[in-house]
Asker: 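Sharing a structure with you now.
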Amino acid sequence: MNDALSAWQAIRVIAGREISVKLRDRAFIGSTVFMLVLVTAATLIPVLIQQRVPSVRVAVQGAAAAQVVERAAELGRQAQESGTSLPPALAVFGEGGLPSADISTVEVTQDGSVDTLVRNHDVDAALVGADLAHLTMLGAQGVPSELDVLVRAAASEIQVSDAATRAGLSPDQVTALTSPAMPVTVLLDANPTGEVPPQLLVLVFAFLFYLSVLTFGMSIAQSVVEEKQSRVIELLVAALPVRWLLTGKVLGNTVMALGQIVVILGAGLAGATLAGQGQVVSQVLGASGWFVAFFLLGFVMLACLWAVAGSLASRIEDLQATTVVMQVLVIVPFFAALFAMEPGPVQRVLSYVPFTAPLLMPARVVLGNAAAWEPVVSASVVLLTGVVFVLVGARLYEGSLLHTSSRLKAMQAWRAGR
Amino acid sequence: MVLALEHVTRTYDERRALDDVSFTVRPGRMTGFVGANGAGKTTAMRIIMGVLAPTSGEVTFDGRPLTREVRRTFGYMPEERGLYPRMRVLDQLVHLGRVHGMSRAAASERAAGLLDQLGLAERSHDPLQTLSLGNQQRVQVAAAVLHEPRLLVLDEPFSGLDPLAIDAMGDLLRSHAAAGVPVLFSSHQLELVEQLCDDVVIISDGRVVSMGSADDVRARRSGRRYRIQVEGASPVADLVGGITGVTVVRGDADTVLVELDDSVDDQALLSTVQAQGVLREFAVVRPTLAEIFREVVR
């Protein structure tokens, strides 16, 4: 029975424990839920904001005021209709640059008190006046900017049209005056409607990687120290080779880290789909292939070193000291990658450096400035570095794992490694 | 199935933690491993379990050098602790069973049975650290015997236990020994070792200073030590102390404990003291393990 225990079975048992411990860990569940909420909110909120058309209630008193507000309401409606075909950032503005709005009117007779309505916030603003030349806009603390713009546009349009008619211009000429043809803006490298700027996408990916490596790295180190401090490690080492233990630990945590990322990305994509942002979904899916591949390689490359950082400590309290190097190895590349977001030689070089490659090479792919062979070469560099780290890490791990009395230096662990 | 250490030496930098240590642990017998703090007990046990490598020498089981596959069939209880503090008791045992090659089902069944036997069934879903120290120790033993080991190595299994728990632990180890499993355990409680053990290994400063069956060790160490009680010849110590080859270990008015060197004929001594008064006692004294231990370790 016992002799039948293969390496793979043993590694699976070790990895299985890491996974089940993580699944019961309140901090892990809490942070995952928090990220899910954050991502879902991040995909839904902009959409909700974009699609909200302000509705404005206006009191009118006097014939001219009524005419102007009626025209303003019409313009606000037109802006809404034409706005749907524009990119989201411009969607709040219609074709003529006018804001969209739902304007409803409240007619007030000549002896009614417009002031009271405005002061009591029964209406957002009021327009008063029987003569086009003498209109007054009343607001409490301010007037909604959309209304202000629309009313000004409506008033001037009506006055121009009146003046033109009086001057005896033909209806075509009047139209040319009141609705002049505007230049059409054509973007040559435009993103399709609903697309997220690639820089933002890269930033989100980089942040997810950074967060994941840091939290999982720390938890790998902690679980190693826990085994050392509680001497469980002696039971394990008596039964299984140290390399299997290390492999199982790294495998279990990699599965969980990858799982967490996939769930979070999935939630984001589901949110985007629900919000009708199909374009975003296909864009992110297209970009996430390389991201996930580099995430996996980068995570495994660093995970072994985190385990070593844990094994150099003999108590939980030592962890801060032994993991400092690892924290630097994660944080510095993260900021380096952020500063190298602009395409250029720095970005090109950093996308081949093992520590920054998992952040920058997928970024270059998403930004579209990497040749097809580049991510393959860079991934191989990361993979090779990972293999070296795993070998070095395994030896350090073996050398330091059973040293339970005090903190170790890496060199001591190296010499003690068999 | 004899476990044998053969000329095992282990050095840490300059210090020799174990120096040419050889002893055997025989099947069906409880072997007590006794020594002062830092004498090398834990180091020797770790070397048996493969947790440490010896600098030189070898450990064999059944005449063959130990491999990890063989060691996986051993049961081990490390010093102090050896379990995950925050993991649930049953999950923990099942995990360790699987690490030792058991299937999940077999490990679950056996672990539940052991916990029941140890009176911990209702605590099996609690995290280990919520249990009392004595109960944690029981779980620790359950972890060591879970996979029906072919050899048991236990580092200080009795420390921190109350008298009832000590009895229960003793019975448990005995039952394994009775089933033919060699059992090696270390302890500071010498009375306990004396009471439980068939064999004893005494280690001091990394060297084995005495070993064999408990009776042999005591007999060998008893040397020529006699207790003599004579009434009416006071003080006795003055009487016998003058004889060449007789050393007084301690004594009062009537009674004296003496050690004889090889030149002294005990029968001649007997007649000498008999002539001085009423002889009440003239007996060979066998030292307790505690006495031997104090003596050899000093």
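Naming convention: chains lettered A, B, ... in sequence-line order (proteins, then strands); numbering from 1 in each chain.
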Asker: Think A/R17 forms a cation-pi with B/Y84, using NZ or CZ under 6.0 Å from the six-ring centre and within 45 degrees of its axis?
Answerer: yes
Asker: Between A/F295 and A/F209, how do the two ring planes meet: parallel, tilted or perpendicular, split at 30° and 60°?
Answerer: perpendicular
Asker: Any ion pair linking B/R26 and B/D199 (charged N to carboxylate O, less than 4.0 Å)?
Answerer: yes
Asker: Can you tell which part of B/I48 gets under 4.5 Å to a heavy atom of chain A, answering side chain, backbone, both or neither?
Answerer: neither
Asker: Strictly below 4.0 Å, N to O, side chains only: are B/D171 and B/R174 in salt-bridge contact?
Answerer: no
Asker: Does any backbone or side-chain atom of B/Q140 lie under 4.5 Å from a heavy atom of chain A? Answer side chain, backbone, both or neither.
Answerer: side chain
Asker: So what's closer than 4.5 Å to chain A heavy atoms on B/R86: side chain, backbone, both or neither?
Answerer: both
Asker: Just so I understand: if I count every heavy-atom pair under 4.5 Å between each of B/M77, B/R88, B/E79 and chain A, which residue has the most?
Answerer: B/R88
